[in-house]
There are 2 protein chains.
Amino acid sequence: MATIYDVAKRANVSAMTVSRVINNGSSIKESTRLRVEKAIKELDYIPNRSAQSLISKDTKLLSLLITDVANPFFTSIARGAEDKAHEKGYQLVFSNSDENIEKETSYIRSAVSRGIDGMLLTPSGDFSIQNINILTKYKIPFVLVDRSLKGIESDIVHGDNSDGTKKLMDHLFENGHRTIGFVTGPSSISNVRERGDAYKQFIKDNKLPFNEKWTFQTDLARMQTLSYINLLLEASKEDRPTAILCSNNFLAADLVNNMNKMGLHVPDDISVVCFDDPHAIQMPNSFFTVVNQPAYKFGYTGMEMLIDRIEGKSGKEHKEIVYDTELIIRQSTKKIN
Amino acid sequence: MATIYDVAKRANVSAMTVSRVINNGSSIKESTRLRVEKAIKELDYIPNRSAQSLISKDTKLLSLLITDVANPFFTSIARGAEDKAHEKGYQLVFSNSDENIEKETSYIRSAVSRGIDGMLLTPSGDFSIQNINILTKYKIPFVLVDRSLKGIESDIVHGDNSDGTKKLMDHLFENGHRTIGFVTGPSSISNVRERGDAYKQFIKDNKLPFNEKWTFQTDLARMQTLSYINLLLEASKEDRPTAILCSNNFLAADLVNNMNKMGLHVPDDISVVCFDDPHAIQMPNSFFTVVNQPAYKFGYTGMEMLIDRIEGKSGKEHKEIVYDTELIIRQSTKKIN
DNA sequence: AGACAAATTGTTACCGGTAACATAGAATAG
DNA sequence: CTATTCTATGTTACCGGTAACAATTTGTCT
């Protein structure tokens, strides 16, 4: 690997002059510049970023910490984030926390160690605050995506969870559903809470029957929807909810896959709706009725906010961007009498 | 940001001793180790990887260069690659080349500049060889995924394209299809060639009618399937293929989406099959009949090969891993008389 | 106790860049 | 024609670690 000294020697100048040529520093004689550029080309010289970072304190490296790229929602975030990062000359390290706080901690520590310039992240839950504190301690700018953190002031991009939930509930209500179940994640996640609150609010506002039993809270990493399904199967048909709201696409896919296995049919036996499309691209014959969030924009805009902050282009106060959701009616819901 | 010298001063030892404690170097007195560890904790010291890399010549950073994370096939590769990388203590920079050679070049150059230890990549096409040469020049280990490169010897993971194509064609043939169209990408991509060859071979072997007209080659980035559909619509029903083989999931989704818009129905008017699922997770009511490749394994195993090579655990000869494909029959195909 | 080996810790130099300051030669001014 | 200011380039030191070697302390053995 050629170093700046190799180039310097070959061009018969000092390393400093080479450095100036590379960073189009001031006052280089044309003939010198040409000689240096020739040497650079001949040696295929590429500057060593570690050495540069050691001085400049920046790395042009950003970190994207999401729970799982395989989830199309996060895939789109990742794609959006990478697009903006690339646009601005940054590169992106990505990590999957799998909703696991230890994994999150370890990723954040290595990101800091690597000297990343900033981080775009979806915290696994409120306990992630301890991890955020590492970032704060090291003065590393960060932007939250999709989930806020109790008591943490920061730039953030997310969707309108209350309104999204309401859209889903409205749709079910308009289709005759009155007993609506709720399958969701751990309440340490802000959007789970917000969606849960909106769900309860809707039930209250519309004086729907409420039975704690039909609310099922599960781990987002290994969703145990089967036990919920067993509960459904044990209940008499009249007691059963006629529709279920899932707070998350993966949960919904898992739920319906398992329902099929157990002989419960969607939407004939029960309607199912959820947040976020379970597929990244537009598909013919899509199944789920969803409230979709502009995940790509989450990533793209979040990254933009992050870079603005890194480059000192944002004010002291923190920005919050809330995107509208869009109801897409498909095959997983059905009108009932 | 605390440095090793800050820790050293606080613990009343030399920087070297701190370094030894961190890397559990030999012979440190227990009392010293404790004192140093205390100082590390108190200062929240995290070693600076740029400084370490400058000496060690490694960065524990790997690069994953794929064409598009948003494509579920690549999403799964990314997830598999990240899992293995994390297991082995590496972090992953990811980039989307979008089948664009210039983008690929620029990504590779910055990866080299960054001092990545190795690269896992899906080259955009045979012209990517010039980019591979940069890696070779800098002696950076790499592993190819999904696509090989004419005349380049390297570690590689991919699926069995010929057999996969044959499975798809067999399925169509068994369902009565005789005139089968082919929608594919540019022939500079190895798997496109292999699938195309297998397609032609099948037609020859089974003495099926062949009409060049029903083979459509398009850019994988902006797929212009509409013009193909217009061709179909112009032809009389008898001349039209009764089934189409797409060499790629995105192409198939785009094709069918556009067909729906134009009033051609799948599978009633025409059957469609393709390589790779257009969704990353198992979905109820999936639409496409596909030949699936174990994309996650592509990423996971590819990364394993890469790390083995980096760490000098692989022999001189290059390894090629070929995975079997799996035919999954769903709704996009139909038996005809 | 003295000699030597082992254990523990320190010193120096260097990795590959660049900031800050220094210097030589050319251009401009008086 | 000398003083002064640019212009172009070089020198030195340092970023934060660690390898290699040096020095000191402690332990072991006869």
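Naming convention: chains lettered A, B, ... in sequence-line order (proteins, then strands); numbering from 1 in each chain.
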> Picking from D:dT18, D:dT9, C:dG16, which would you name as closest to the side chain of A:Ser27?
Replying inline: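 Minimum distance to the A:Ser27 side chain belongs to D:dT9.
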
> Choosing from C:dA20, D:dT18, C:dG17, which nucleotide comes nearest the side chain of A:Arg20?
Replying inline: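 Out of C:dA20, D:dT18, C:dG17, the nucleotide with an atom closest to A:Arg20's side chain is C:dA20.
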
> What are the two closest heavy atoms between B:Lys57 and B:Asp117, and how far apart are they?
Replying inline: O-OD1, 4.4 Å

Examine [N]: is either OP1 or OP2 under 4.0 Å from a nitrogen or oxygen in the side chain of [X]? Give yes or no.
X	N	result
B:Asn23	D:dT18	yes
A:Ser19	C:dT18	yes
A:Gln52	C:dT18	yes
A:Ser14	D:dG10	yes
A:Lys29	C:dA26	no

Check every strand shown and say whether [X] touches a base, only sugar-phosphate, or nothing at a heavy-atom separation below 4.0 Å.
X	answer
A:Ser56	nothing
B:Thr17	sugar-phosphate
A:Ser53	nothing
A:Thr3	sugar-phosphate

Take the protein atom [atom1] of [X] and the nucleotide atom [atom2] of [N], then report the distance between them rounded to whole Å.
X	N	atom1	atom2	value
A:Ile55	C:dT18	CD1	P	6 Å
B:Ile46	D:dG17	CD1	C1'	15 Å
A:Ile22	C:dT18	CD1	P	6 Å
A:Lys9	C:dG17	NZ	P	14 Å
B:Ile28	D:dT18	CD1	C1'	13 Å
B:Met16	C:dA13	CE	P	16 Å
B:Ile4	C:dT12	CD1	P	17 Å
B:Leu43	D:dG16	CG	P	14 Å

> Any side-chain donor-acceptor pair under 3.5 Å between B:Asn131 and B:Thr105?
Replying inline: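 Present: a donor and an acceptor within the cut-off.
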
> B:Leu54 or B:Arg35: which one's nearest nucleotide on DNA chain C is closer to the 5' end?
Replying inline: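 Upstream on the strand: B:Arg35.
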
Answer yes or no: is there an ion pair linking [X] with [Y], defined by an N-O contact shorter than 4.0 Å?
X	Y	value
A:Arg79	A:Glu82	no
A:Arg147	A:Glu99	yes
B:Asp98	B:Lys103	yes

>> Pick the closest DNA chain D nucleotide for A:Val13 and for A:Tyr5 by heavy atoms, then say which residue is nearer the 5' end.
In response: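 Checking each residue's closest nucleotide, the 5'-ward one belongs to A:Val13.
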
> Tell me, which pairs form a ring pair (Phe, Tyr, Trp, His ring centres under 6.0 Å) where one or both residues lie in residues 34-64 of chain B, sequence neighbours left out?
Replying inline: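 Qualifying pairs, neighbours excluded: none.
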
